[in-house]
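Report on the structure given below.
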Amino acid sequence: MERDPSLDTLLELDGQVLVIDPETRHWVRFAVRRVSASEAKPHGLDYSLTLHGPDGERLWDSTTRIR
């Protein structure tokens, strides 16, 4: 697969923390890294988005299956 330069934008999100509700102090964190391209990850990126409560407790993780 040919390299897609627009994926650099996603890589720039790595480590970013965004407060999504200042009143309740909930925040999200992005983790994005380059990996070897595979059938499961054809673009060669591994990523997660996590939602945290005010005390830092992880409330949701994009890598965990939701039922």
How far apart are the closest heavy atoms of Ser62 and Ser48, and which atoms are they?
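Looking at all heavy atoms of both residues, the closest pair is OG-CA, 3.3 Å.
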
So, for Pro42 and Ala37, which heavy atoms are closest and what is the spacing to 0.1 Å?
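Scanning both residues completely, I find the closest heavy atoms to be O-CB, 3.7 Å.
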
According to salt bridge (Lys or Arg N to Asp or Glu O under 4.0 Å), does anything in residues 38-53 pair up with another residue at least two apart or in another chain? List the pairs.
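Every salt bridge (Lys or Arg N to Asp or Glu O under 4.0 Å) pair that includes a residue of residues 38-53, provided the two are not neighbours, is Arg33-Asp46, Lys41-Asp46.
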
Could you pull out every donor-acceptor pair under 3.5 Å between side chains of residues 50-59 and any protein atom, sequence neighbours left out?
| unit_1 | atom_1 | unit_2 | atom_2 | d |
| --- | --- | --- | --- | --- |
| Thr50 | OG1 | His52 | NE2 | 2.8 |
| His52 | ND1 | Gly56 | O | 3.1 |
| Asp55 | OD1 | Glu57 | N | 3.0 |
| Arg58 | NH1 | Asp61 | OD2 | 3.0 |

Using side chain to side chain contact (heavy atoms under 4.5 Å, CB included) as the criterion, list what pairs up with [X], not counting sequence neighbours.
X: Gln16; result: Leu13, Phe30
X: Tyr47; result: Val32
X: Thr24; result: Asp21, His26

Can you check whether Val17 reaches Val28 side chain to side chain, under 4.5 Å on heavy atoms?
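Not touching, per the 4.5 Å side-chain cut-off.
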
Can you list the steps and then say if Val35 with Leu45 is a side-chain contact (heavy atoms from CB on, under 4.5 Å)?
CA-CA 5 Å; Val35 297; Leu45 292 181; 5.7 Å; no

CZ on Arg34 to CG on Leu10, rounded to 0.5 Å:
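These two atoms lie 10.5 Å from each other.
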
Mind checking what makes salt bridge (Lys or Arg N to Asp or Glu O under 4.0 Å) contact with Asp14, not counting sequence neighbours?
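Scan of Asp14 (salt bridge (Lys or Arg N to Asp or Glu O under 4.0 Å), adjacent residues dropped) gives none.
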
